[in-house]
Each structure stands twice: as structure tokens, then as C-alpha cells.
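These notes concern the structure reproduced below.
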Amino acid sequence: MRKQSYVEGVLDPSELRATALSIARQQEPSGAIPWVAGQHTDIWNHVEAAMGLLVGGLVEQAEAAYRWAASMQRPDGSWPMRIEQGVVTEPRGESNMSAYLAVGLWHHWLIRRDRAFVDRLWPHVRAGLDWVVALQQRFGGIAWTPDDDFALLAGGSSIYQSLRAGVALADLVDDPQPEWELVGGRLGHALRTHRDLFADKSTFAMDWYYPVLGGAVTGEDGAELLAGRWDDFVVPGLGVRCVDTNPWVTGAETCELVLALDNLGDHRRALGVFEQMQHLRAPDGGYWTGWVYADPAHPNDNPDVVWPAEHSTFTAAAVLLAADALGAHYGAATTGSGIMRGRGLGAVFAELALECGCAQTSSRAGVAE
């Protein structure tokens, strides 16, 4: 039987199930999962929500979400950036979004062990990652879109995880993808060594913790990276600020920090951060996107309110994934709880054939769980 996740003293199985149901209530008949009912869908957050559904035991809804994602892929392997009620409203393809199905499918495999499902979706993962790796720049970053010449640090960190999941899936179906490994090595090197060459989005918390969350920066280096801006983003008792200029903590960013801490083995502090964001939980199991708090350093006219007034699916999904990760240490967890720790993946990519000007190394930066 599949284990029911829970975090002792924080969220029990029925509460996590209610959070999964808060996502399912907003799922469209097509299978699409918008940010909020009636709003737009993007593939990255859609896949994250499908992962949350699976953690909550809603297999049918999760698999409907994955089937919808496959149906929206374009012949070149990319997905449109924005879809509303089945209508494409922003056609550009975005690298981070087009890579993430690999992580979702690997997560599904870890929990369901359904090889037929993997075989059905593998061509979509392969096409998406083939499209993404073609956007690599000489320093190792991945261009945000084919029309832009900059790369994003948070997006690249997520792509790094997607490539590792993609290679694991390739091994599973016996369809080796050595180019992905080469691109992944260059990308990992850039995330560890050339973070200054990515577009400067340092005001956003995601740029701070994502190199750790994506698995490229680990161990002491990861701990040092998080320590460097902890006080800029973490508000004790409330959570993580989305941007360092605003008195606004957000549930999704807070839970992603929990997952980054978990990656480093800092489970006790991860649990503390997770406990502190539960003030965003609504009675029906959904989660408010964020909370505006009073801060003399950042005066605002309307403090101590939820904002926006919505229960977002991506926040609920982040809660479910963080709870599942913590459940492995403080309760119970699914067999997919190590997805962000790289469970089942091999050693991280070797840094080979670098084009950034650095001397190449055949060493690997760490070994996954």
C-alpha cells in the first residue's frame, strides 16, 4: 500500500489530502491546472501541481494533468508560456517550463512504478529536453527563450534538475541521451562557478535558494550560499519574502526553501520554517498565496492581510512536496519524497568539454541519495 504522508505535529494525512483536494477543485475538465481557477496555466506550475496531487493520493487527477500536458506540446518540443481555458495567450516557448515534465514523470515513476505510463510520456520528455539543450550558451547557462540572449539562474537550476531526471528516465527506457549529460555538466559548472553571468534577478528569493534546490550547489557550498542572504529573505515566524524589497511573504517560496534545506540535510531548520508558514493555511485545506505584514522599513497602507485573496494551486503543491520531504524524517512519506534530493539519480554530471574558458575537470560535484 502507498504510504500516506504526514508531518508529525504539523499536518496529518487528512489535512494533506484536503490540500490536494484544493488543487483538484480548481482543475479544469481538460486536465489543466491553472494558477487559480479561471486564470492561466503554465506547464511548470501545472506539472508541480500534478506532483502535489500524486502526493495527496489523487492519482486519476494527476494522470489527467499529465495527459493534458502532453496534448499541449508543440511539434518542436516546446510548450507555450501561457494557456487560458485551452487557448494559447502567450505563444513563446520558455526553457524552464519545457524541461520540467521530466521531473514530474520521474516523480510519478518513483511513486507508481507504472512503466506503461512512463513509456507513453517519454517521447514528450525527450522532445522537450532536446528543445531546451539547444538553447545552451557558451558559459553554460540556458537561454530563457529562443528570442532572448539571457539566462536565468533560478530557471537554469530547475533545468539542471530536469536534465538529471531526464537522464534517469532515459536509462529506465534504455534510450541513452549523452548530449543531455554534456549540457548538464556545463550547466552545473555555470551554476556553481559563473552565477554572475546569469541575468541579475537577485532581488527575488528564487535566485537565492534555487541553485541548492535544483541540486547543483550542495554540501558546505550550499549551506554558505543560503547563509549569505538568509536575513534578507527569511522573516521569523512568517516565512520567506518573495522579493527583498517588499514586506510580503509567500507560501510557495517558503516551501521551496524548506526543500532546499532538506537537500542539505538541515532537516530540523526545514521543519521550523515549514511550521512557521502554516498561518497561510485556510480551513478547507487550501493555502493563501501570501501575506503582507507590517514593516517600518517598508511602509504600506494595508498591512497584515492575505494578498492576493486567492488559494493558488502552486502554493498548495509546494506545501505537499515539502510535507512529503519532511515526512521522511518526521512522520511518513511517499516513495517520491526524495524527488528534490535527486532520489534514484546517479552522480551529478561531470564537467566536461567546457566552453566558458575554464579548465575542464572530470570530477563530479557530489553524489545523490
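Just so it is clear, the values below take in all heavy atoms, side chains as well, and ignore hydrogens, waters and symmetry mates.
Under a 4.0 Å N-O distance rule, the pair Asp119/Arg115 qualifies as a salt bridge. Salt bridge status for Asp147 with Arg92: absent, with no side-chain N to carboxylate O gap under 4.0 Å.
Under the ring-ring contact (aromatic ring centres under 6.0 Å, His included) criterion, His124 pairs with no residue at all, not counting sequence neighbours. Take Ala116 and apply the side chain to side chain contact (heavy atoms under 4.5 Å, CB included) test, not counting sequence neighbours, and it matches Asp114, Arg120. Not counting sequence neighbours, the partners of Ala18 by the side chain to side chain contact (heavy atoms under 4.5 Å, CB included) test are Arg281. When the side chain to side chain contact (heavy atoms under 4.5 Å, CB included) test is applied to Ser71, the partners found at least two apart in sequence or on another chain are Trp68. Listed by chain and number, the residues in a side chain to side chain contact (heavy atoms under 4.5 Å, CB included) with Ala62 are Leu53, Leu54 (sequence neighbours excluded). Qualifying ring-ring contact (aromatic ring centres under 6.0 Å, His included) partners for Phe139, counting only residues two or more places apart in sequence or in other chains: Phe198.
Considering CG of Leu152 and OG1 of Thr145, their distance stands at 9.5 Å, rounded to 0.5 Å. The distance from atom CD1 of Ile83 to atom CD of Glu28, rounded to the nearest 0.5 Å, is 9.5 Å. Here Gln39 contributes atom CD and Gln85 contributes atom CD; the two are 11.0 Å apart, rounded to the nearest 0.5 Å. Considering CD of Gln27 and OG1 of Thr41, their distance stands at 9.5 Å, rounded to 0.5 Å.
With contacts defined as side-chain heavy-atom distances shorter than 4.5 Å, the pair Tyr66/Met51 qualifies. Inter-residue side-chain proximity for Met277 and Val319 is flagged as met; some heavy-atom pair is nearer than 4.5 Å. With contacts defined as side-chain heavy-atom distances shorter than 4.5 Å, the pair Arg17/Gln4 does not qualify. Using a 4.5 Å heavy-atom cutoff, the side chains of Thr218 and Val348 are not in contact.
In terms of heavy-atom proximity, Asp244 sits nearest to Arg229 at OD2-NH2, 2.6 Å. In plain terms, the two heavy atoms of Leu326 and Leu271 that are nearest each other are CD2-N, 3.9 Å.
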- Message: Working note: Arg112 + Phe117, criterion side chain to side chain contact (heavy atoms under 4.5 Å, CB included); need CA distance, chi angles, decisive distance, verdict.
- Response: CA-CA 9 Å; Arg112 299 290 295 166; Phe117 192 79; over 6 Å; no

- Given side chain to side chain contact (heavy atoms under 4.5 Å, CB included), test Val183 with Ile159 step by step and report yes or no. CA-CA 10 Å; Val183 168; Ile159 292 169; over 6 Å; no

- Taking it one step at a time, do Gln177 and Asp130 satisfy side chain to side chain contact (heavy atoms under 4.5 Å, CB included)? CA-CA 9 Å; Gln177 301 294 323; Asp130 280 345; 4.1 Å; yes

- Task: Starting from the C-alpha separation in whole Å, work towards a yes-or-no answer on side chain to side chain contact (heavy atoms under 4.5 Å, CB included) for His107 and Val55.
- Result: CA-CA 10 Å; His107 181 253; Val55 169; 3.9 Å; yes

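Under the 4.5 Å side-chain heavy-atom criterion for grouping Ile, Leu, Val, Met, Phe, Trp and Tyr, Val235 is not connected to Val305 through any hydrophobic cluster. Under a hydrophobic clustering in which Ile, Leu, Val, Met, Phe, Trp and Tyr are joined whenever their side-chain heavy atoms come within less than 4.5 Å, directly or via other members, Trp109 and Trp180 fall into the same cluster. Two different hydrophobic clusters hold Tyr6 and Val273 under the rule that ILVMFWY side chains link at heavy-atom gaps under 4.5 Å. Placement of Trp122 and Met72 within a single hydrophobic cluster is found when ILVMFWY residues are connected by side-chain heavy-atom separations under 4.5 Å, directly or transitively. Hydrophobic clustering (side-chain heavy atoms under 4.5 Å, transitive across Ile, Leu, Val, Met, Phe, Trp, Tyr) groups Leu101 together with Leu172.
Counting only residues at least two apart or on different chains, the salt bridge (Lys or Arg N to Asp or Glu O under 4.0 Å) pairs with a member in residues 70-88 are Arg82-Glu84. Within the structure, ring pair (Phe, Tyr, Trp, His ring centres under 6.0 Å) pairs that include any residue of residues 213-239 comprise Trp208-Phe233 (at least two apart or interchain). Within the structure, no pair that satisfies the salt bridge (Lys or Arg N to Asp or Glu O under 4.0 Å) test touches residues 38-62, not counting sequence neighbours. Sorted by first then second residue, the salt bridge (Lys or Arg N to Asp or Glu O under 4.0 Å) pairs that include residues 261-277, not counting sequence neighbours, are Asp262-Arg341, Asp266-Arg269. The list of ring pair (Phe, Tyr, Trp, His ring centres under 6.0 Å) pairs with a residue in residues 299-338, not counting sequence neighbours, reads Trp35-Phe314, Trp248-Trp307, His267-His329, Trp288-His311.
The side-chain contact (heavy atoms from CB on, under 4.5 Å) with Leu153 is formed by just one residue from the set Asp200, Asp196, Leu191; it is Leu191. The side-chain contact (heavy atoms from CB on, under 4.5 Å) test with Cys356 is passed by exactly one of Gln137, His189, Arg138: His189.
There is a side-chain donor-acceptor pair under 3.5 Å between Ser14 and Asp12.
Phe204 belongs to a hydrophobic cluster whose other members, connected by ILVMFWY side-chain contacts under 4.5 Å either directly or through intermediates, are Val243.
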